[in-house]
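Structure, as structure tokens:
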Amino acid sequence: MDKYNFKEIEKKWQKKWEDANCFHAENDSEKEPYYALIEFPYPSGQGLHVGHPRSYTALDILARKRRMQGYNVLYPIGWDAFGLPTENYAIKNKIHPKIVTKKNIENFTRQLKMLGFSFDWQREVNTTDPSYYKWTQWIFLQLFKHGLAYKQEMPINWCTGCKVGLSNEEVVNGVCERCGSEVVQRRKSQWMLKITEYAQRLIDDLDDVDFIERVKTQQTNWIGRSEGAEVEFTLTTGDKITVYTTRCDTLFGATYVVLSPEHSMVKKLLPMLKNADQVEKYIENAAKKSEFERTELAKDKTGARLDGVNAINPVTNEEIPIFISDYVLVTYGTGAIMAVPAHDSRDWDFAKKFNLPIIEVVSGGKNVLEEAYTDVTSGTMVNSGFLNGMSVKEAIPAMIKYLEEKGIGKKKVNFKLRDWVFSRQRYWGEPIPLVYCEKCGWVPVPESELPLELPEIDTFEPGENGESPLAKATDWINTTCPKCGGKAVRETDTMPQWAGSSWYYLRYMDPHNNEALASDSALKYWSPVDWYNGGMEHTTLHLLYSRFWHKFLYDIGVVPTKEPYQKRTSHGMILGENGEKMSKSRGNVVNPDEVVNDYGADAVRTFEMFIGAFDQSTPWSEKGLKGCYKFLERVWNLQEMLTPSEELSKDLEKAVNKAIMKVSDDYEKMKYNTAIATLMSLVNDFYKKGEVTKGEYRILITLLNPVAPHITEELWEKYGNTPLLALTKWPDFDKAKTVDDEVEIVVQVNGKIKDKITVPKDIAKEELEKVALDAEKVKQALDGKTVIKIITVPGKLVNIVVK
RNA sequence: GCGGAUGUGGCGGAAUUGGCAGACGCGCUAGACUUAGGAUCUAGUGUCCCCGACAUGCAGGUUCGAUUCCUGUCAUCCGCACCA
């Protein structure tokens, strides 16, 4: 027998699969479709991370198993290739991002092929390919035409040194990552998408899909629906401010009002203030901080009083002070709050710091001067006029009714979700296909002119005033208005990387279609994606964005389903050997090329599945990888113990049937680590016996095939009875042969284990209890005590309770 | 700060959904084979005061019985809207 030579075997089978074209999915098949999807990678310059194959192997196992179960399986791959790192690399090295992208994709392709994934390479898509982004632009135009795209002034990070806009990632501790200069917030007009219009549906329709629970809760919380009220406060100047509150029941306890520093009323009031200088200074400081910093640093509250103007509490008619503070965000609610320090802990902190009155209006908690009482489930209204004696639950609708009757407030549902900032002042993204005409305003580029391709330019740096690099392509910018034929200019902003990844799963269904993003028949046949696996970190952005686009496409009749993905699961991260996140700077990066070269793709795949619970992050271990290699070698060496029998041997048929049942089920539940443990145990059983029949060996090889496809194909070629294992039927098990005739029963006394007894599996309850009481060690434990009761769980245990 | 998760031997982890804690692998120990071993095979391996007791971050609670359920607490990780 030859030694296990993974290098030869893996090369051989990768070529055979390619020649046989056996992983290609046909659109006009009679078979039932199955669509397995992994998040397509961003082809970075670093090449594949060992984290990628974790997700890809997991769904490769599913895809391979489904094929063996007779499905027409679509398991596609592509490239999410627009993005910042490529652009920055291009700027630094003065290469066109297109060239960098091409090189990176070639490297990724080589690495993915070396790992033996059963991707349908004929359906490869690339978001930077004009024939792809033609349809990204087309979808944007439909959004625009349906009023879901609009322009708005939004803050951007502005580097005072480089004089360019920066992404959040490029801002480190408030300074520019590249030059170290101070970063401030600047306002710029940006394209926005109205995802908020879909907020309610994005929550509701989670009921109809099979997403893991934490994805659902995280999305629901991110969308952040809250029911509350808007209340109008009149100022001593006669102006009016509307605040949003979820606790309008506490209005009698509102002892001051807080505006966000950007609130428009602040500007208006500024000339009337006694301390205008101080207020202006506070606004200036707040402008430097990002929203994240503000909420993070909000432990120690800061603020400034608008000295010289007060608000009037509409129910007590008392004058109360107005503050600005950066713990109030302009982007949420109305950008203004009524502060009730007795019943909100943030307000309480602020009130303590600024010595403001704290008035209890809900009783039932501790002294409100010591801490805020925020419970809404118990407590009674006090000091609250007509609300006195009510519970919080009763007081809220009563107050809303009062406010609505007086015309100074109304019920209001708010969402934390904000509209999607869709503009980037960057080169390496899809051009936004709009032109601006003095006469006609923003006009869409005719669909017949799509794709609107990126212009060729020499340098890719952002412009001086925070403009996109496209602003330098003067020939490209100046155009005519598609509507009136007059002079017009193109939009120079590009789309965010999220755009192309919001609909790529649709393109896979029909990737070469020039007439539509995909044909109706292809969409109907494949939709929705049956199983989508990806990282938890994409839950609130990518996953939500693509659900939003899909719902819009459903509304305009392009796609046949309300939701894009039927099932969503998530993998954990693979950390460095030291338990920290893998990164170049930490020096703990594992290179897939090296480990595949040393141990083979099958061993790497097996280890990535065996490494730990699939949804948990876990450190890499070269020793562990070696253990998996050893396991494959043991599978290989079983050839020496092979007997010619096609049958299962009597003493192992239970173990084999149990393994089929357990492994089949574990793959479905993504419990890959225990599936592999089961196969390891089976191999141990074979070794213990010293021989294995051909029939047993075939089942082992078939069960292992989805995880380690190369070695198992090689062994199948020698001992199987069909041409390709990949096209062979998945094994069934005999249910009767998965149950043991005798079971071991645990006997406890007062919950402590005293003995174990072996009994027939169908033993009667009374009989079992009798046998349990008879056990030697149990007798000893019962000596001199009274039996109170006996709890019996058939097939498991007997617990004797004594006194 | 807000939202989501996690915590079990020396290490990665397992435990059919409240019923034998530690499957499987790594590491370690001993033996066999060997000129040799960072190869292979076999046996052992939670801790201790070892016929018994104690052990699933910590402190309580519910239960005949808790890694699993509840309350509190500590620690770590992920996301926070222009990274992908």
Side-chain angles (χ1 to χ4, degrees), chain A residues 39 41-42 44 80 82-85 154 156-157 165-171 190 195 213-215 217-222 224 291-299 327 331 345-346 416-426 496-498 501 535-542 544-545 570 572-573 575 579-581 607 610-613 615-628 630-631 633-634 637 662 665 671 673-674 676-681 684 687-688 744-753 756 777 780 788-791 793 795-802:
Chain A
E39 285 169 347
Y42 173 70
S44 75
D80 186 15
F82 278 128
L84 204 52
M154 289 299 290
I156 61 165
N157 300 308
L166 299 178
S167 72
N168 287 350
E169 201 186 47
E170 293 170 298
V171 183
Q190 308 257 52
I195 188 172
E213 221 33 59
R214 59 193 166 125
V215 167
T217 36
Q218 225 175 85
Q219 286 208 346
T220 305
N221 289 337
W222 178 261
E291 204 164 277
F292 179 53
E293 281 176 295
R294 284 198 203 179
T295 47
E296 191 185 41
L297 302 172
K299 275 185 215 160
Y327 81 95
T331 48
S345 44
R346 290 157 304 178
K416 279 204 191 105
L417 183 69
R418 307 202 296 256
D419 277 339
W420 177 1
V421 184
F422 201 67
S423 295
R424 300 289 183 276
Q425 292 73 50
R426 295 282 172 177
Q497 157 280 335
W498 310 109
S501 62
M536 243 359 248
E537 68 276 18
H538 293 116
T539 303
T540 52
L541 298 178
H542 158 69
L544 205 60
Y545 289 151
S570 224
M573 269 197 308
L575 308 168
E580 289 172 26
K581 201 170 164 174
F607 176 59
F610 186 65
I611 191 168
D615 60 352
Q616 232 81 85
S617 44
T618 171
W620 182 265
S621 155
E622 177 139 3
K623 292 248 174 75
L625 169 58
K626 216 167 162 182
C628 287
K630 239 167 78 177
F631 163 62
E633 212 170 30
R634 272 162 75 81
N637 291 339
K662 173 84 174 146
D665 189 51
K671 294 174 74 170
N673 53 340
T674 52
I676 292 167
T678 305
L679 294 174
M680 285 173 169
S681 292
N684 290 347
Y687 269 87
K688 237 169 238 160
E744 200 179 47
I745 302 284
V746 174
V747 186
Q748 300 179 330
V749 174
N750 284 347
K752 304 246 169 184
I753 292 149
K756 291 171 190 179
K777 286 179 190 160
Q780 283 170 30
I788 296 170
K789 63 174 168 177
I790 301 176
I791 289 151
V793 182
K796 276 185 186 147
L797 94 166
V798 176
N799 186 16
I800 302 156
V801 187
V802 299

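Just so we're on the same page: letters track the sequence lines, and every chain starts at 1. Predicted model only: the values in this text are computed from it and were never measured.
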Between [options], which nucleotide gets closest to the side-chain atoms of [X]?
{"X": "K789(A)", "options": "rA5(B), rC64(B), rC82(B)", "answer": "rC64(B)"}
{"X": "F610(A)", "options": "rG25(B), rA84(B), rC2(B)", "answer": "rG25(B)"}
{"X": "T540(A)", "options": "rG12(B), rG79(B), rA81(B)", "answer": "rG79(B)"}
{"X": "E633(A)", "options": "rU40(B), rG25(B), rC82(B)", "answer": "rU40(B)"}
{"X": "K796(A)", "options": "rA5(B), rU17(B), rC83(B)", "answer": "rU17(B)"}
{"X": "L541(A)", "options": "rA81(B), rG25(B), rC41(B)", "answer": "rA81(B)"}
{"X": "A613(A)", "options": "rG13(B), rC82(B), rA84(B)", "answer": "rG13(B)"}
{"X": "N168(A)", "options": "rC83(B), rU40(B), rG3(B)", "answer": "rC83(B)"}
{"X": "N673(A)", "options": "rC78(B), rA14(B), rC41(B)", "answer": "rA14(B)"}
{"X": "E744(A)", "options": "rC64(B), rG3(B), rC20(B)", "answer": "rC20(B)"}

Which atom of N799(A) lies closest to which atom of G751(A), heavy atoms considered: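 Looking at all heavy atoms of both residues, the closest pair is OD1-N, 3.0 Å.
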
Please find the pair of heavy atoms, one from S167(A) and one from L84(A), that lie closest to each other, and give the distance.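 S167(A) and L84(A) have their closest heavy atoms at OG-CD2, 3.4 Å.
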
Counting the atoms with a prime plus P, OP1 and OP2 as sugar-phosphate, which does [X] contact under 4.0 Å by heavy atoms, base, sugar-phosphate, or nothing?
{"X": "D80(A)", "answer": "sugar-phosphate"}
{"X": "I753(A)", "answer": "sugar-phosphate"}
{"X": "I676(A)", "answer": "nothing"}
{"X": "L679(A)", "answer": "nothing"}
{"X": "H542(A)", "answer": "nothing"}
{"X": "K416(A)", "answer": "base"}
{"X": "V801(A)", "answer": "sugar-phosphate"}
{"X": "I791(A)", "answer": "base"}
{"X": "R214(A)", "answer": "sugar-phosphate"}
{"X": "K671(A)", "answer": "sugar-phosphate"}
{"X": "D665(A)", "answer": "nothing"}
{"X": "K756(A)", "answer": "base"}
{"X": "E39(A)", "answer": "nothing"}

Would E170(A) and N157(A) count as having a side-chain donor-acceptor pair, cut-off 3.5 Å?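 The answer is no; no qualifying pair exists.
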
Are a donor atom and an acceptor atom from the side chains of Q190(A) and Q425(A) found within less than 3.5 Å of each other?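 On atom types as modelled, these side chains qualify, holding a pair under 3.5 Å.
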
Euclidean distance for [atom1], [N] against [M] (whole angstrom):
{"N": "rG57(B)", "M": "rC64(B)", "atom1": "P", "value": "24 Å"}
{"N": "rG44(B)", "M": "rC26(B)", "atom1": "P", "value": "15 Å"}
{"N": "rG25(B)", "M": "rC70(B)", "atom1": "P", "value": "34 Å"}

For [X] and [N], what is the distance between atoms [atom1] and [atom2] respectively, to the nearest whole Å?
{"X": "L625(A)", "N": "rG25(B)", "atom1": "CG", "atom2": "C1'", "value": "12 Å"}
{"X": "K626(A)", "N": "rU40(B)", "atom1": "NZ", "atom2": "P", "value": "8 Å"}
{"X": "Q616(A)", "N": "rU67(B)", "atom1": "CD", "atom2": "P", "value": "19 Å"}
{"X": "F607(A)", "N": "rC11(B)", "atom1": "CZ", "atom2": "C1'", "value": "11 Å"}
{"X": "Q190(A)", "N": "rA81(B)", "atom1": "CD", "atom2": "C1'", "value": "13 Å"}
{"X": "R426(A)", "N": "rA84(B)", "atom1": "CZ", "atom2": "C1'", "value": "14 Å"}
{"X": "D615(A)", "N": "rC77(B)", "atom1": "CG", "atom2": "C1'", "value": "14 Å"}
{"X": "K630(A)", "N": "rC41(B)", "atom1": "NZ", "atom2": "C1'", "value": "10 Å"}

Determine whether any donor atom in the side chain of N799(A) lies under 3.5 Å from an acceptor atom in the base of rC64(B), or the reverse, and answer yes or no.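 Such a pair exists between side chain and base.
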
For a quick check, tell me whether the side chain of Q748(A) and the base of rG19(B) share a donor-acceptor pair closer than 3.5 Å.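 Checked by distance alone, the answer is yes.
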
Mind telling me if rC70(B) is syn or anti? Syn here is a glycosidic angle within 90° of 0.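 This nucleotide is in anti.
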
Could you tell me whether rG9(B) is syn or anti, where syn means a glycosidic angle within 90 degrees of zero?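 With its glycosidic angle within 90° of zero, rG9(B) counts as syn.
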
Check whether any side-chain nitrogen or oxygen of R424(A) sits under 4.0 Å from OP1 or OP2 of rC82(B), and answer yes or no.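 So the side-chain polar atoms of R424(A) do come within 4.0 Å of the phosphate oxygens OP1 or OP2 of rC82(B), strictly under.
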
Would you tell me if any nitrogen or oxygen in the side chain of S621(A) comes within less than 4.0 Å of OP1 or OP2 on rG12(B)?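 Checking rG12(B) against S621(A), no side-chain N or O comes under 4.0 Å of OP1 or OP2.
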
Less than 6.0 Å separating the ring centroids of F607(A) and W620(A)?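 Ring centres of W620(A) and F607(A) closer than 6.0 Å.
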
R424(A) side-chain N/O to V421(A) backbone N/O, donor-acceptor pair under 3.5 Å: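 Yes, R424(A) side chain to V421(A) backbone: donor-acceptor pair under 3.5 Å.
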
Candidate pair V801(A) and I790(A), rule side chain to side chain contact (heavy atoms under 4.5 Å, CB included), full reasoning: CA-CA 6 Å; V801(A) 187; I790(A) 301 176; over 6 Å; no

Could you check which nucleotide pairs with rC28(B) in any of the strands shown, counting Watson-Crick or G-U wobble with both distances under 3.5 Å?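 By the stated definition (distances under 3.5 Å), rG44(B) pairs with rC28(B).
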
Spatial distance of atom CG (D80(A)) from atom OG (S44(A)) [nearest 0.5 Å]: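 With rounding to 0.5 Å, CG (D80(A)) is 11.5 Å from OG (S44(A)).
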
Of Q497(A) and Q218(A), the one whose closest RNA chain B nucleotide lies more 5':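 On the 5' side of the pair lies Q218(A).
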
Mind checking whether Y545(A) and W420(A) have parallel, tilted or perpendicular rings, split at 30° and 60°?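 The arrangement is parallel - the two ring planes meet at less than 30°.
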
